[in-house]
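All figures in this text were calculated on a predicted structure; none of them were measured in a lab.
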Amino acid sequence: MATRQEEAREAREAKLDELHERLTGAVERLVTGEDWADAMRFAANFRSRSFNNVILIWEQHQAAFEQGRVHEPFPTFVAGYKQWQQLGRQVEKGQVGYQILAPVTGRFASANPSDADSWRRLNRGEKPKPGETVRTRMVGVRPAYVWDVSQTGGDPLPERPSPRLLEGEAPAGLWEGLAEQVERAGFAVLRVPHEGMIHGANGITDFSARQVAVRENMDPAAQVKTLAHELAHVTLHGPDQEEARQHRGIGEVEAESVALMVGAAHGMDTTGYTIPYVAGWAANVDGEAPVEIVQATGERVRKAAAGILDQLDTEQVPDGTPPGLAQSVGKNGPDRGATDHQAAERRAPSLAPEREATRTPVRAEARGL
């Protein structure tokens with residue numbers, strides 16, 4: 001006869017299997033370039049969350065919208081049950097929480113931190129020995145729940161300004177901020193009069209000459225988007241990044257996806273740019289399933305874009321964390337906010353509660369993107 005602990009473990013594993021199937025299905029539906037662009041724009045608004053959890057939230061909210069349980073097709077702010085209570089809001093009766101993957105962490109101690117084999121996991125309540133270094137590591141995942149603000153009622157959230165751009169404009173300070181990051185990486189930023197000087201491309205990154213060039217005969221918004229694309233190449237596709245350099249499609253989709261996220265985080269309309277078909281490049285990577293490539297790429301893109309955005313002193317749209325919770329979520333890290341509701345049922349309780357130049361090692365932005 002199974003013990004209560006065994007039954008709880010089986011139930012948790014069943015929920016994790018359900019989440020994996022849901023996530024795999026959602027990623028498999030990212031077949032066309034426009035689907036990928038939509039996913040990247042969406043992720044820009046939830047960049048405090050992992051790519052997997054962004055996709056899970058997106059897919060479940062879409063289902064809720066189609067069923068009439070929420071009135072807006074896209075979520076805006078999501079948080080855990082108790083976090084909404086901290087903000088003076090309550091999950092409305094009958095609202096279904098969105099399942100996500102929350103990290104399970106453990107404490108490890110070592111008297112010789114440089115020796116990877118010397119680390120031992122501390123038991124609950126166990127203290128390290130004198131002189132030992134203690135670190136927290138992720139050891140697994142478990143299912144957790146979050147709700148969108150549209151599923152709650154109560155005190156209004158403080159409003160944050162959202163940038164809105166006219167066609168052709170570039171966000172104030174964005175070129176300067178991106179150029180500074182390129183220069184900090186040891187590359188010179190050049191503006192060239194026309195694409196004929198950079199092999200017909202909008203932008204080009206030359207790792208040998210340590211130069212990033214962008215053509216000037218484009219609107220400021222296109223120039224800054226191109227610079228973000230090239231900064232992504234600088235960040236992700238150096239000589240040591242063999243996989244991306246061997247499979248050109250991966251590098252180009254990653255760079256343009258980062259540019260999309262950086263632009264979307266500044267209210268830029270990037271719908272006029274085309275992303276290469278995800279299925280095409282992913283299927284050409286030998287030895288890897290397309291779904292796995294997409295998932296791995298999505299998380300690399302999210303991390304790269306978040307790293308760029310965190311270093312910019314510009315006005316950006318929110319990152320999906322409800323106003324007033326930024327400090328606590330930042331302290332706990334991404335996707336820790338949902339872990340406060342360990343005993344949550346799936347329903348709330350009844351009490352209202354971016355053509356690349358062909359010479360290596362150059363990476364360039366595709367014409368027209």
Side-chain angles (χ1 to χ4, degrees), residues 40-51 53-54 160-165 169-191 202-207 210-214 220-241 244 251-270 273 297-321 323 325-337 354 363 365:
M40 290 299 101
R41 283 191 289 268
F42 182 77
N45 294 312
F46 285 84
R47 54 192 181 275
S48 65
R49 303 273 174 185
S50 72
F51 180 73
N53 282 336
V54 168
R160 290 175 175 172
S162 294
R164 290 293 182 266
L165 300 173
E169 290 184 349
L174 183 53
W175 174 276
E176 292 79 7
L178 295 173
E180 182 181 354
Q181 292 187 45
V182 173
E183 290 167 352
R184 280 206 304 267
F187 288 70
V189 178
L190 308 176
R191 276 178 154 148
N202 290 338
I204 195 167
T205 296
D206 190 330
F207 285 91
R210 308 291 288 181
Q211 292 179 344
V212 167
V214 176
Q223 292 184 44
V224 79
K225 198 276 301 183
T226 299
L227 184 58
H229 177 109
E230 301 308 328
L231 176 55
H233 279 313
V234 168
T235 304
L236 293 172
H237 306 138
D240 59 332
Q241 298 295 325
E252 290 306 310
V253 170
E254 286 182 340
E256 183 60 20
S257 297
V258 170
L260 275 170
M261 287 191 68
V262 171
H266 290 84
M268 293 180 68
D269 181 7
T270 59
Y273 302 116
T297 298
E299 184 61 15
R300 278 168 53 82
V301 166
R302 186 199 68 82
K303 287 183 177 180
I308 290 171
L309 291 166
D310 285 346
Q311 299 178 66
L312 292 173
D313 186 20
T314 54
E315 186 178 299
Q316 301 173 20
V317 300
D319 65 356
T321 301
L325 283 182
Q327 182 175 0
S328 62
V329 172
K331 177 180 65 177
N332 293 327
D335 298 322
R336 295 297 299 275
E354 186 201 77
R363 299 286 180 185
E365 185 174 31

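With rounding to the nearest 0.5 angstrom, the NE2 atom of His237 is 8.0 Å from the CZ atom of Phe207. Atom CG of Asn202 sits about 12.5 Å away from atom CG of Leu227, to the nearest 0.5 Å. To the nearest 0.5 Å, atom CD1 of residue Ile204 and atom CD of residue Gln211 are 9.5 Å apart. Separation of atoms CZ (Arg300) and OG1 (Thr235) is listed at 10.5 Å; rounding is to 0.5 Å.
Glu230 is not listed as a side-chain neighbour of Val182, based on a closest heavy-atom distance of 4.5 Å or more. Residues Phe51 and Val301 form no side-chain contact, since every pair of their non-hydrogen atoms from C-beta on lies 4.5 Å or further apart. Contact annotation: the side chain of Ser50 approaches that of Glu299 to within less than 4.5 Å [non-hydrogen atoms, C-beta and beyond].
Residues that satisfy the salt bridge (Lys or Arg N to Asp or Glu O under 4.0 Å) test with Glu183, not counting sequence neighbours, are absent from this structure. The side-chain contact (heavy atoms from CB on, under 4.5 Å) check on Ala305 picks up Val258, Met261, with sequence neighbours excluded. Take Glu176 and apply the side chain to side chain donor-acceptor pair (under 3.5 Å) test, not counting sequence neighbours, and it matches no residue. For Thr314, the side chain to side chain donor-acceptor pair (under 3.5 Å) partners at least two apart in sequence or on another chain are His266, Gln316. Evaluation of the side chain to side chain donor-acceptor pair (under 3.5 Å) rule for Arg191 yields Gln223 as partners, not counting sequence neighbours. Residues forming a side-chain contact (heavy atoms from CB on, under 4.5 Å) with Ala306 (at least two apart in sequence, or on another chain): none.
Within 6.0 Å of the CG atom in Asp313, the count of heavy atoms belonging to other residues, nucleotides or ligands does not exceed 12.
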Step-by-step side chain to side chain contact (heavy atoms under 4.5 Å, CB included) determination, Val224 to Met268: CA-CA 10 Å; Val224 79; Met268 293 180 68; 3.8 Å; yes

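Between Ala232 and Ala255 the shortest heavy-atom distance is CB-CA, 3.7 Å. Gly307 approaches Gln181 most closely through the heavy-atom pair O-OE1, 4.5 Å.
For the pairing with Leu178, the side chain to side chain contact (heavy atoms under 4.5 Å, CB included) check across Val214, Leu231, Thr226, Val189 returns one residue only, Leu231.
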